[in-house]
Every structure is written in C-alpha cells, then in structure tokens.
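Below: the structure, in structure tokens.
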Amino acid sequence: QVQLVESGGGLVQAGGSLRLSCAVSGRSLSTYAMGWFRQAPGKERDVVAAISWSGGSTNYADSVKGRFTISRDNAKNTVYLQMNSLKPEDTAVYYCAQGRRLRPAIREAGEYDYWGQGTQVTVSS
C-alpha cells in the first residue's frame with residue numbers, strides 16, 4: 001500500500017535548475033531512509049542521493065556533489081531533490097525510493113523496498 005509519486009521533472013537547459021518532489025502515502029516516512037536514483041537509456045539504475053531516516057546524514061554520487069541537494073520534510077511526507085547547474089549528462093529518469101527503518105543514507109538500490117514510477121529529466125545543451 002506504500003506509494004511514491006515523483007513530480008517536478010521536465011526539460012531544462014544546461015545550467016538550469018529543477019526541484020523534484022516525492023510524495024509518500026501509505027505510511028509515514030519519518031523512520032525510513034530515502035533515496036533518489038536515476039537511469040539513463042542503456043545504463044543501470046544508480047544512486048543520485050540518499051538521506052538517512054533522521055535526516056542527519058546524506059550521501060551523493062560523485063557526479064552530483066555540490067550541485068544536488070536531497071532533503072526531507074517529514075511533516076509533509078515528502079522528499080526533495082534540488083538540482084542546480086544541470087548538465088546534459090544528468091538526463092535520465094529519476095526515481096524516488098524508500099528504504100528501511102532507521103537506516104543510514106545508503107547507496108545500494110537493493111536496500112530500498114518501494115519505488116516510484118519515475119519522472120523524466122531532460123537537460124539540453
């Protein structure tokens with residue numbers, strides 16, 4: 001019954017910004033690790049950013065460090081991914097995922113149990 005719905009994707013020029021949102025229903029996310037992953041055509045799904053259940057720690061892919069920021073608002077049951085200085089290589093389908101209770105900001109996709117349907121982000125040069 002847990003559902004995750006991403007929003008905020010779209011087409012943006014290189015150097016621009018987007019803010020993705022992930023609304024979680026079916027349970028409170030307050031005790032669960034959360035993550036953002038992405039998958040480009042022909043490539044495997046890989047972590048973009050993760051945040052611990054408490055929000056006290058984060059983990060980012062090297063390619064997005066300094067440009068992307070993951071955050072969570074437990075009161076709204078929502079996780080965000082602020083993406084700045086976007087590059088064409090950021091083009092992918094972005095997925096929100098819910099991990100397990102009281103877990104840290106883990107990078108492995110196998111540690112996440114629930115996934116959204118994804119939202120397309122396209123960055124033009």
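None of the values given here were measured: they were computed from a predicted structure.
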Min side-chain heavy-atom separation [X]-[Y] under 4.5 Å:
X      : Y     : answer
Gln98  : Leu29 : yes
Arg100 : Thr31 : no
Thr78  : Val24 : no

- Message: I'd like to know if the side chain of Arg103 reaches the main chain of Ala33, judged simply by a donor and an acceptor atom lying under 3.5 Å from each other, with no hydrogens or angles considered.
- Response: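 Here the side-chain-to-backbone pair does not exist.
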- Sorted by first residue and then second, give each side chain to side chain donor-acceptor pair (under 3.5 Å) pair with at least one member in residues 1-10; sequence neighbours left out.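 Checked against side chain to side chain donor-acceptor pair (under 3.5 Å) - neighbours excluded - no pair reaches residues 1-10.
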- Message: According to salt bridge (Lys or Arg N to Asp or Glu O under 4.0 Å), does anything in residues 32-54 pair up with another residue at least two apart or in another chain? List the pairs.
- Response: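 For residues 32-54, and leaving out neighbouring residues, the salt bridge (Lys or Arg N to Asp or Glu O under 4.0 Å) pairs sorted by first residue read Arg38-Asp90.
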- Sorted by first residue and then second, give each salt bridge (Lys or Arg N to Asp or Glu O under 4.0 Å) pair with at least one member in residues 54-66; sequence neighbours left out.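 Counting only pairs at least two positions apart or across chains, the salt bridge (Lys or Arg N to Asp or Glu O under 4.0 Å) contacts touching residues 54-66 are Asp62-Lys65.
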- Test side-chain contact (heavy atoms from CB on, under 4.5 Å) applied to Leu86 and Phe68, step by step: CA-CA 9 Å; Leu86 283 162; Phe68 291 10; 3.8 Å; yes
Residues which pass side chain to side chain donor-acceptor pair (under 3.5 Å) with [X], listed by chain and number, not counting sequence neighbours:
X     : value
Thr69 : none
Asn74 : Arg72
Asn84 : Ser17, Gln82

List for me each residue that meets side chain to side chain contact (heavy atoms under 4.5 Å, CB included) alongside [X], sequence neighbours excluded, and say none if there are none.
X      : answer
Asp73  : Ala75, Lys76, Tyr80
Val121 : Leu18, Leu20, Met83, Tyr94, Val123
Gln120 : Thr91, Val93, Thr122

Check [X] against [Y] and note the closest heavy-atom contact, atom names and distance.
X      : Y      : result
Ala105 : Ala50  : CB-O, 3.5 Å
Tyr60  : Ile70  : OH-N, 2.9 Å
Val47  : Arg107 : CB-O, 3.5 Å
Ala92  : Ala40  : CB-N, 3.9 Å

- Task: Any disulfide bond (SG atoms under 2.5 Å apart) involving residues 57-93? Give me the pairs, sequence neighbours left out, ordered by first then second residue.
- Result: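 Disulfide bond (SG atoms under 2.5 Å apart) check on residues 57-93 returns no pairs.
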- Restricting to pairs with a member in residues 21-103, which pass disulfide bond (SG atoms under 2.5 Å apart), not counting sequence neighbours?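 Of all non-adjacent pairs touching residues 21-103, those that pass disulfide bond (SG atoms under 2.5 Å apart) are Cys22-Cys96.
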Taking a hydrophobic cluster as the set of Ile, Leu, Val, Met, Phe, Trp and Tyr residues connected by side-chain heavy atoms closer than 4.5 Å, whether directly or through intermediates, do [X] and [Y] fall within one such cluster?
X     : Y     : value
Leu81 : Ile51 : yes
Tyr95 : Val79 : no
Val12 : Val64 : yes

Mind checking the [atom1]-[atom2] spacing from [X] to [Y]? Nearest 0.5 Å is all I need.
X      : Y     : atom1 : atom2 : result
Ser125 : Lys87 : OG    : NZ    : 14.0 Å
Arg67  : Ser85 : CZ    : OG    : 7.0 Å
Asn77  : Ser30 : CG    : OG    : 7.5 Å

- Item | All pairs passing ring-ring contact (aromatic ring centres under 6.0 Å, His included) where residues 17-39 contributes a residue, at least two apart |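 Checked against ring-ring contact (aromatic ring centres under 6.0 Å, His included) - neighbours excluded - the pairs reaching residues 17-39 are Phe37-Tyr112, Phe37-Trp115.
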